[in-house]
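Each remark here refers to the structure printed beneath this line.
We name chains A, B, ... by the order of the sequence lines, and we start the count at 1 in each one. What's counted below: heavy atoms across the whole structure, side chains too, no hydrogens, waters or symmetry copies.
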Amino acid sequence: MGIPLIWVYQQAYQAYGHRFWWPARTPFEVVVGAVLTQNVLWERVERAIALLEDAGWLEPGRLAHATPDELRPHLQPVGYYSRKAPLLREIARWYLDHRHRIPQPSWRGELLNIHGVGPETADSILLYAFHLPVFVVDAYTRRILSRVYGVPGPWDAPYDRLRGWIEQRLPRDVALYQDFHAQLVEVGKRSCKRRRPRCSQCPLRSVCAYALRDGKAFAPAGEDPPRRSRPREGPGKAVPRAIAR
DNA sequence: GTCCTGGTTC
DNA sequence: GAACCTGGAC
């Protein structure tokens with residue numbers, strides 16, 4: 001069903017080149033960034049990381065003993081202070097316990113047991129800090145794949161089901177997983193926006209059901225697919241029209 | 001000004 | 001389905 005997933009990657013790769021993600025200098029910075037970026041755009045994460053670094057909190061040994069009040073001012077750019085401050089301290093402790101060990105798939109369960117770490121955060125850490133082969137699924141992934149492949153698919157399915165769908169269709173390759181996720185982020189930020197996607201400039205336009213719908217090769221520049229109030233997650237999503245007024 | 005965004009928990 | 005938060009888009 002649909003085009004091979006690897007083609008989607010190749011289309012983006014041809015446009016953007018290798019992304020060399022995750023944007024962090026150390027594995028611990030990956031861990032911190034994975035927490036900070038929960039529900040937050042990366043630009044704000046960068047500001048918070050800079051604040052944390054200037055104050056010396058990017059040392060896992062120090063962060064492991066930070067109090068929420070000490071972290072609060074540095075977390076201002078990313079918000080969610082009440083959740084992320086205690087979480088940073090706890091995940092720093094977990095990192096101290098693991099940083100010199102050989103990464104194990106069982107670490108996923110350990111991370112998920114930390115309050116405030118969900119599947120995306122756990123997988124980001126495993127893939128980018130520890131180079132374990134888990135595909136990171138985020139909002140960009142769901143949105144882009146739902147548009148590229150059209151209606152039927154696990155796009156709204158629970159996290160692990162979509163992750164499995166993706167991993168089944170790709171060679172089990174850490175570098176590919178890393179760069180593919182990075183490409184999806186790039187496509188999501190530049191073109192496949194939630195509102196008003198810019199299909200005419202999207203590297204996936206030639207393989208995307210959403211950009212290709214209505215039989216057009218793709219909309220000419222400046223004429224992206226028409227939409228009503230907001231684009232659904234795919235062309236023909238059978239939403240129960242129910243008591244539409 | 002108000003709306004909208006994005007992971008996780010309850 | 002709402003709460004947690006911010007700052008950019010409208």
Under 4.0 Å from OP1 or OP2 of dC4(C): is there any side-chain N or O of R83(A) that close? no
For atom CZ of R163(A) and atom P of dG7(B), their distance in whole Å: 16 Å
Let me know the distance between CD of E43(A) and P of dC5(C), rounded to the nearest Å. 21 Å
Reckon T37(A) has a side-chain N or O less than 4.0 Å from the OP1 or OP2 of dG6(B)? no
According to the salt bridge (Lys or Arg N to Asp or Glu O under 4.0 Å) rule, which pairs have a member within residues 15-27 of chain A, sequence neighbours left out? R19(A)-E186(A), R25(A)-E29(A), R25(A)-E53(A)
Return all side-chain donor-acceptor pairs below 3.5 angstrom for residues 57-72 of chain A, not counting sequence neighbours, or 'none' if the list is empty.
unit_1 : atom_1 : unit_2 : atom_2 : d
R62(A) : NH1    : A55(A) : O      : 3.0
R62(A) : NH1    : G56(A) : O      : 3.3
H65(A) : ND1    : G61(A) : O      : 3.2
T67(A) : OG1    : E70(A) : N      : 3.3
T67(A) : OG1    : E70(A) : OE1    : 3.2
D69(A) : OD1    : Y81(A) : OH     : 3.3
E70(A) : OE1    : T67(A) : N      : 2.8

Apply side chain to side chain contact (heavy atoms under 4.5 Å, CB included) to A157(A) and list each qualifying residue two or more places apart in sequence or on a separate chain. P154(A), R161(A)
Whole-Å distance between dT8(B) C1' and L87(A) CG? 10 Å
Could you list all the salt bridge (Lys or Arg N to Asp or Glu O under 4.0 Å) pairs where at least one residue sits in residues 75-103 of chain A, not counting sequence neighbours? none
Between C1' of dT9(B) and CD of E90(A), the distance in whole Å: 14 Å
Rounded P spacing from dG1(B) to dC5(C) in Å: 24 Å
Note, P171(A) side chain near L176(A) side chain (heavy atom, < 4.5 Å): yes
In residues 120-134 of chain A, which residues come under 4.0 Å of DNA chain B by heavy atom? E120(A), T121(A)
Interatomic distance where CZ belongs to R72(A) and C1' belongs to dC5(C) [whole Å]: 11 Å
dC10(B) and dT6(C), which share atom name C1', separated by this distance in whole Å: 22 Å
Could you work out, with side-chain hydrogen bond (donor to acceptor under 3.5 Å, both in side chains) as the rule, every residue matching Q38(A), not counting sequence neighbours? T121(A)
Side chain to side chain contact (heavy atoms under 4.5 Å, CB included) against I166(A), all qualifying residues, sequence neighbours excluded: L5(A), F135(A), V137(A), T141(A), L145(A), L162(A), L170(A)
Donor-acceptor pair, distance only, cut-off 3.5 Å: does the side chain of Q178(A) make one with the backbone of L127(A)? yes
If you restrict it to nitrogen or oxygen atoms, what contacts under 3.5 Å exist between nucleotides 6-10 of chain C and the protein, and what is each distance?
unit_1 : atom_1 : unit_2 : atom_2 : d
dT6(C) : O2     : R44(A) : NH1    : 2.5
dT6(C) : O2     : R44(A) : NH2    : 3.2
dG7(C) : OP2    : Q76(A) : NE2    : 3.4

Closest-nucleotide ordering on DNA chain B, the 5'-leading residue of Y140(A) and H115(A): Y140(A)
Provide the distance between the two P atoms, one in dT9(B) and one in dG7(C), to the nearest whole Å. 24 Å
Determine all donor-acceptor pairs shorter than 3.5 Å in which one atom belongs to a side chain in residues 107-118 of chain A; sequence neighbours excluded.
unit_1  : atom_1 : unit_2  : atom_2 : d
R108(A) : NE     : D123(A) : OD1    : 2.6
R108(A) : NH1    : D160(A) : OD1    : 3.4
R108(A) : NH2    : D123(A) : OD1    : 3.4
R108(A) : NH2    : D123(A) : OD2    : 3.0
R108(A) : NH2    : D160(A) : OD1    : 2.9
E110(A) : OE1    : W94(A)  : NE1    : 3.0
E110(A) : OE1    : H98(A)  : NE2    : 2.6
N113(A) : ND2    : G109(A) : O      : 3.4

Let me know the distance between CG of N39(A) and P of dC4(B), rounded to the nearest Å. 15 Å
For atom CG of L111(A) and atom C1' of dT9(B), their distance in whole Å: 17 Å
For atom NE2 of H74(A) and atom P of dC5(C), their distance in whole Å: 18 Å
